[in-house]
Asks: 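Let me begin by handing over the structure; questions about it come next.
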Amino acid sequence: MSNLPDFEQLFNTMLQLGKLMSQHTQQTHEERTATILQFSALNFIKEQPSATISDLSVPLQLSKSSATQLVERLVKLGLVGRINDTEDRRIIRLSITENGEKEFAALKKKMMDKMQRIFSKIPAKDLRELIRIHTNLIETLKKEQLRNQLQ
């Protein structure tokens, strides 16, 4: 591959950026893990009403037991509710509660504020270019994922 040095540099810069973003946006490892997982879970449940724990475990890349533990914490916090499936009592559906909606909005605002502080340090033109590149990558990966599902 002729552009291997470019990919190596991209890989290294992505690792560095991830580490620095993490350091600048979170105080502790415990806070980062809980907040990001909770935010991701709430986002998924908000977008996929009536999802199951198995459904949730896939995009979060968690085992079913880890996803169950995460849901337990969210239920205890009053952010997520469990609903028995009307057709199969063995299936438990998840729903975001009113408190969960409020907490999701608060977490999103907190994350957006932190990102804005970081990204406000680069020119608007560069930010728009970064968004364009991310959008292009997302579309490319979605098309590839769809092709793989159809095969």
Side-chain angles (χ1 to χ4, degrees), residues 10-11 13-122 124-151:
L10 176 63
F11 178 78
T13 59
M14 288 176 72
L15 287 176
Q16 289 175 24
L17 180 61
K19 182 178 177 183
L20 290 169
M21 289 283 292
S22 207
Q23 289 171 352
H24 283 178
T25 59
Q26 303 295 335
Q27 275 66 41
T28 66
H29 176 70
E30 292 80 18
E31 178 193 14
R32 181 182 72 231
T33 302
T35 301
I36 288 173
L37 277 177
Q38 287 177 355
F39 180 80
S40 298
L42 290 172
N43 185 53
F44 180 82
I45 295 166
K46 184 175 167 58
E47 290 179 354
Q48 304 289 325
S50 300
T52 65
I53 290 176
S54 293
D55 297 334
L56 177 66
S57 68
V58 174
L60 297 183
Q61 297 182 330
L62 295 173
S63 67
K64 288 181 187 174
S65 64
S66 293
T68 300
Q69 290 173 5
L70 174 60
V71 168
E72 284 294 322
R73 287 194 305 270
L74 294 172
V75 168
K76 285 180 183 174
L77 292 169
L79 306 177
V80 169
R82 291 191 188 99
I83 303 166
N84 290 329
D85 188 275
T86 55
E87 295 177 17
D88 186 343
R89 291 179 3 165
R90 296 171 297 175
I91 298 174
I92 305 293
R93 305 276 174 197
L94 304 173
S95 66
I96 190 166
T97 64
E98 190 175 319
N99 284 342
E101 293 273 3
K102 289 177 186 173
E103 184 66 17
F104 176 79
L107 285 169
K108 184 175 180 179
K109 182 179 180 341
K110 182 179 175 184
M111 293 171 84
M112 293 290 292
D113 289 346
K114 288 178 179 183
M115 282 187 63
Q116 187 175 7
R117 281 195 304 273
I118 292 168
F119 285 100
S120 67
K121 296 173 180 18
I122 66 171
K125 177 183 168 209
D126 291 347
L127 181 59
R128 285 190 297 274
E129 181 66 7
L130 184 58
I131 293 167
R132 185 194 66 74
I133 292 167
H134 280 188
T135 302
N136 188 359
L137 276 170
I138 290 166
E139 290 305 315
T140 300
L141 291 172
K142 281 181 177 180
K143 287 176 186 174
E144 185 177 309
Q145 187 178 34
L146 183 60
R147 269 195 308 273
N148 289 339
Q149 289 173 350
L150 294 175
Q151 291 179 349

Asks: Below 4.0 angstrom, N of the basic side chain to O of the carboxylate: do Arg117 and Asp113 qualify?
Replies: no
Asks: Would you check, one step at a time, whether the test side chain to side chain contact (heavy atoms under 4.5 Å, CB included) holds for Leu10 with Met14?
Replies: CA-CA 6 Å; Leu10 176 63; Met14 288 176 72; 3.9 Å; yes
Asks: Are any non-hydrogen side-chain atoms of Glu103 and Leu107 less than 4.5 angstrom apart?
Replies: yes
Asks: Taking atom types as modelled and ignoring hydrogens, do the side chains of Ser54 and Thr52 form a donor-acceptor contact shorter than 3.5 angstrom?
Replies: no
Asks: Give me the atom names and distance for the closest heavy-atom approach of Ser57 to Ser63.
Replies: CB-O, 4.2 Å
Asks: With the side chain counted from C-beta on, respond yes when Gln151 and Asn148 share a heavy-atom pair under 4.5 Å apart, and no when they do not.
Replies: yes
Asks: Could you pull out the closest heavy-atom pair between Gly78 and Asn99, with the gap in Å?
Replies: O-CB, 3.5 Å
Asks: Report yes if the side chains of Arg147 and Lys143 come closer than 4.5 Å at any heavy-atom pair, otherwise no.
Replies: yes
Asks: Within the structure provided, determine whether Leu37 and Leu62 are in side-chain contact (heavy-atom separation under 4.5 Å).
Replies: yes
Asks: Output the distance between atom CG (Leu137) and atom CZ (Arg132), rounded to the nearest 0.5 Å.
Replies: 9.5 Å
Asks: Yes or no on salt bridge (Lys or Arg N to Asp or Glu O under 4.0 Å) for Glu98 and Lys102, after CA distance, side-chain angles and deciding distance?
Replies: CA-CA 6 Å; Glu98 190 175 319; Lys102 289 177 186 173; 3.7 Å; yes
Asks: From Gln48 CD over to Asn43 CG, what is the distance, rounded to the nearest 0.5 angstrom?
Replies: 9.5 Å
Asks: Mind checking the CD1-CG spacing from Ile96 to Leu79? Nearest 0.5 Å is all I need.
Replies: 7.5 Å
Asks: Mind checking the CG-CG spacing from Leu56 to Leu42? Nearest 0.5 Å is all I need.
Replies: 9.5 Å
Asks: Calculate, to the nearest 0.5 Å, the distance between atoms CZ and NZ belonging to Phe104 and Lys109 respectively.
Replies: 14.5 Å
Asks: Under 4.5 Å between any side-chain heavy atoms of Leu94 and Leu74, yes or no?
Replies: no
Asks: Got Val80 and Thr97 here, is their nearest side-chain heavy-atom distance under 4.5 Å?
Replies: no
Asks: Quick one: do Leu70 and Leu60 satisfy side chain to side chain contact (heavy atoms under 4.5 Å, CB included)? Show the steps, please.
Replies: CA-CA 11 Å; Leu70 174 60; Leu60 297 183; 3.8 Å; yes
Asks: Do Asp85 and Arg93 make a side-chain contact, defined as non-hydrogen atoms from C-beta onward lying under 4.5 Å apart?
Replies: yes
Asks: Rounded to the nearest 0.5 Å, how far does OG of Ser65 lie from CD1 of Ile53?
Replies: 10.5 Å
Asks: Hey, is Lys125 close enough to Glu129 for a salt bridge, meaning N to O under 4.0 Å?
Replies: no
